[in-house]
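Contents: one structure, followed by commentary.
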Amino acid sequence: MLGFAVVGIEDNADDAVAAAERLRPDIVMMDIRLLGPRDGIEAAAAIRKRTGIRCIFTSAFGDAETRHRAAECDPFGFVRKPYFPAELQRALGQATEALQGRV
């Protein structure tokens, strides 16, 4: 709907990391709360370490501790749920611009 291709959807950290390694997306949209013992911040950190791919976090949880942990992953941004498509498009647009600036 926003002009971006979704290459995979996973609901737990291990599968998200494996999919990122296999599919090599430009940007990962990562929810903080995932199924299983590891959360999205742990998954994003592993993805960043293994592939260099950065994420945009999406979550209803925006407390200071969560945001501090998420910031350590060097994300492109943080979009609080519930969000409007325009907010997501803005975050994706900023991430795309940042990626193009590195080329």
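No experiment lies behind these values; they were computed from the predicted model shown.
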Could you grab the distance from atom [atom1] of [X] to atom [atom2] of [Y], nearest 0.5 Å is fine?
{"X": "Thr66", "Y": "Arg33", "atom1": "OG1", "atom2": "CZ", "answer": "9.0 Å"}
{"X": "Thr58", "Y": "Ile32", "atom1": "OG1", "atom2": "CD1", "answer": "8.0 Å"}
{"X": "Gln89", "Y": "Thr96", "atom1": "CD", "atom2": "OG1", "answer": "10.0 Å"}

So [Y] and [X], do their side chains get closer than 4.5 Å, heavy atoms only?
{"X": "Phe78", "Y": "Arg67", "value": "yes"}
{"X": "Asp14", "Y": "Val17", "value": "no"}
{"X": "Ile56", "Y": "Leu92", "value": "yes"}

Linking I/L/V/M/F/W/Y whenever any side-chain heavy atoms sit under 4.5 Å apart, do [X] and [Y] land together?
{"X": "Leu99", "Y": "Ile47", "result": "no"}
{"X": "Met30", "Y": "Phe4", "result": "no"}
{"X": "Phe76", "Y": "Met29", "result": "yes"}

I'd like to know whether CG of Asp26 has more than 12 heavy-atom contacts from other residues, nucleotides or ligands below 6.0 angstrom.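 Counting other residues, nucleotides and ligands, CG of Asp26 stays at 12 neighbours or fewer.
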If you compare all heavy atoms of [X] against all heavy atoms of [Y], which two are closest, and at what distance to 0.1 Å?
{"X": "Arg24", "Y": "Arg50", "value": "NH1-O, 4.4 Å"}
{"X": "Ala43", "Y": "Leu34", "value": "CB-CD1, 4.3 Å"}
{"X": "Ile53", "Y": "Pro25", "value": "CD1-O, 3.3 Å"}
{"X": "Arg54", "Y": "Asp74", "value": "NE-O, 2.7 Å"}
{"X": "Ile27", "Y": "Ala95", "value": "CD1-CB, 3.5 Å"}
{"X": "Gly40", "Y": "Phe57", "value": "O-CE2, 3.8 Å"}

Examine distances only and state if a side-chain atom of Glu87 and a backbone atom of Phe84 form a donor-acceptor pair shorter than 3.5 Å.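 Confirmed, Glu87 side chain pairs with Phe84 backbone.
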For Glu42 and Asp39, indicate whether the former's side chain and the latter's backbone hold a donor-acceptor pair under 3.5 Å.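 The answer is yes, because a donor-acceptor pair under 3.5 Å joins these two groups.
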